[in-house]
Amino acid sequence: MSKSIPTREDNYSEWYNEIVKRADLAEHSPVRGCMVIKPYGFAIWEKMQKALDDMFKETGHQNAYFPLFVPKSFLELEEQHAEGFAKECAVVTHYRLKSNPDGKGLIVDENSRLEEPLVVRPTSEAVIWHSYKNWIQSWRDLPVLINQWSNVVRWEMRTRLFLRTSEFLWQEGHTAHETEAEALEETGKMLGVYAEFVEQWMAVPVLQGVKTASERFAGAIDTYCIEALMQDGKALQAGTSHFLGQNFARSFDVKFVNKENELDYPWATSWGVSTRLIGALIMAHSDDKGLVLPPKLAPIQVVIVPIFRTDEDLAKINEKVEPLLAELKAKGIPYKYDDDDKYKPGYKFAEYELKGVPVRMAIGLRDLENGTIELARRDELSKQTLPFDGIVGHIESLLAEIQQNLYDRALSFREANTFSVDTWDAFKARIEQGGFVLAHWDGTDETEEKIKQETKATIRLIPLNSIEMAGKCVYSGKESAKRVVFARAY
RNA sequence: CGGGGUGUAGCGCAGCCUGGUAGCGCGCACCGUUCGGGACGGUGAGGUCGGAGGUUCAAAUCCUCUCACCCCGACCA
């Protein structure tokens, strides 16, 4: 294995792939477009899950689990939905194999054809709304606030580790409400939860807004989203929250009796984030030396490397370090004491840098004499020697500082790469450079499509709370009420 | 689906053009010296060359077919 990683400047996608592999996050599986998430990568996902799950519970949701298989007829019920997902569905048509009469191996037993094909869920609206028909009879049954942690399969043309895989892990919230206002409030609330998570935990600033019709979730009235800017200037959709109106209720014939004793259709939302967030995390913070993790999501926040030659040396260091480890444990700071004698310190240093551990400490005999410890931070790649006593207090504030520093850094980057343009020439030039481009748009699908064809840029979102400032569409010159955000995207 | 590429030891690759004992680096095992930024020397283990056919005295190498994966596009979270 070579020791250097391709740089971001040389080849961004190669750099990305190398980080994923070298930091031991994931690897390609034998199945096209699928990945094996390795323990270190999965530990990050578990941290994400924990934080998000707490936030979902906090906002009144419960977890449930619905089946992997969706009868084809269910998927067909909501027309837009069916059309949107049809092209990327894995379909189960048989339930049995048999030995190949011609020789070795197994073949599909044609006698086991299913009466109705089962679609491996690309998303669960269909199965879930089928259940909701039985769950919802009265306004007293509402709201239904359900979340599910699951895997889904979308047979994508082109895949990339974490960013787009045929199978991915995610959570999907599916709620039903008495009124439109309530459902809209839910949609906004969950978008807010996502924004808070991505900014506070992942240390990645996001823009919030609503998608244009062409980028809308299949079957939704409106799709709200958060968008983040990656270091190569491309945008990444980090989460979506959909206002589904009464579309699914009507399609699945879910009705309830309201307070006025009238039959009505409940109003729905759905919202999700996926393991793609790990891709976002990598591309937002990491550098040419490897992964950089925000402390709040780092499986190991602090690693301590003893520098020793002999068992006696190690014993002395162990003795010194023991109370420190106990204190870290008591404070709930995930740490690793790496007293493994199979690798040398230099090797370990490089390894933990590759894995993005936020804080690294080294302690050797020299430190024992001086009452010091060496402390290095991953975000700035700096190190200093500090008094051993009281080091845990220092670590605590340092972890908070690193978390904040990563966010600030990403925010400055985004600000430095967000531009307003008013002419078509300026637009084209700017899009080439990457970044978010704020420009006027006439609101038509045709213009949006033309811009996409000519520049590969899409409208990432229409900002929610931006000031209305009329102008002329950058492409057609027609009237526009406010600027929208363009970018090339993942 | 279009374009490009790759399948040879656990990983990364050379060998193929011009057929003739399957090689290198890393990793791995053992021994010794090392150990505060990816150590060094020595010894050693490890491969039916993606698969199937064909040509040939002889195929990793030539021919045909096939499978898989990766990268770049179109599609998407």
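Here is the naming used below: chain letters follow the sequence lines, and residue numbers restart at 1 for every chain.
Nucleotide B:A45 forms no Watson-Crick or G-U wobble pair with any nucleotide shown, as no partner meets the under 3.5 Å limit on both distances. For B:U6, the paired nucleotide is B:A68, the pair qualifying as Watson-Crick or G-U wobble because both relevant distances are below 3.5 Å. Within the shown strands, B:G54 is the pairing partner of B:C62 under the Watson-Crick or G-U definition, both distances less than 3.5 Å. Of all nucleotides present, none satisfies the Watson-Crick or G-U wobble test against B:A22 with each distance under 3.5 Å.
Rounded to whole Å, atom C1' of B:G36 lies 15 Å from atom CG of A:Leu375. Atom NZ in A:Lys383 sits about 6 Å away from atom P in B:G37, given to the nearest Å. The distance between atom CG of A:Leu161 and atom P of B:C70, rounded to the nearest whole Å, is 8 Å.
One finds a salt bridge joining A:Glu27 and A:Lys38 here, because a Lys/Arg side-chain nitrogen approaches an Asp/Glu carboxylate oxygen to under 4.0 Å. Remark: A:Arg8 engages A:Asp288 in a salt bridge, criterion side-chain N to carboxylate O under 4.0 Å. With salt bridges taken as basic N to acidic carboxylate O contacts below 4.0 Å, none links A:Asp287 and A:Lys289.
At the heavy-atom level, A:Glu156 lies under 4.0 Å from base atoms of the strands shown. A:Asp367 comes within 4.0 angstrom of a base, heavy atoms only. Note on A:Lys289: nothing from the nucleic acid sits closer than 4.0 angstrom, heavy atoms only. Among the atoms of the strands shown, base atoms are found under 4.0 Å from some heavy atom of A:Arg360. The residue A:Leu365 sits close to a base: some heavy atom pair falls under 4.0 Å. Within 4.0 Å of A:Phe217, counting heavy atoms only, lies no atom of the nucleic acid at all. Within the nucleic acid shown, A:Thr165 comes within 4.0 Å of at least one base atom, counting heavy atoms only. Across all strands, A:Thr240 comes closer than 4.0 Å to no nucleic acid atom at all (heavy-atom distances).
The listed nucleotides are B:G36, B:C75, B:C28; the one nearest the side chain of A:Tyr343 is B:C28. Minimum atom distance to the side chain of A:Arg309 is reached by B:C35, of the listed B:C35, B:A77, B:C75. Taking only side-chain atoms of A:Tyr347, from C-beta outward, the nucleotide of B:C71, B:G38, B:A77 with the closest atom is B:G38. If you check B:C75, B:A77, B:U34 against the side chain of A:Lys344, the one that comes closest is B:U34. With B:G37, B:C35, B:C75 as the choices, the nucleotide that has an atom nearest any side-chain atom of A:Lys452 turns out to be B:C75. When distances are taken from the side chain of A:Lys456 to each of B:C35, B:A74, B:A77, the shortest belongs to B:A74. Distance from the side chain of A:Ser13 is smallest to B:C71 among B:G37, B:A77, B:C71. The side chain of A:Leu354 approaches B:G38 more closely than any other nucleotide in the set B:G37, B:C28, B:G38. Of the candidate nucleotides B:G38, B:C35, B:C75, B:G38 has the atom lying nearest to any side-chain atom of A:Arg22.
On the C1' atoms, B:C11 is 32 Å away from B:G53, given to the nearest whole Å.
Within 6.0 Å of the CD atom in A:Gln433, the count of heavy atoms belonging to other residues, nucleotides or ligands exceeds 12. Atom CD of A:Gln62 has 12 or fewer heavy atoms from other residues, nucleotides or ligands within 6.0 Å.
Inspection of the A:Trp149 and A:Asp53 side chains reveals an N or O donor paired with an N or O acceptor under 3.5 Å.
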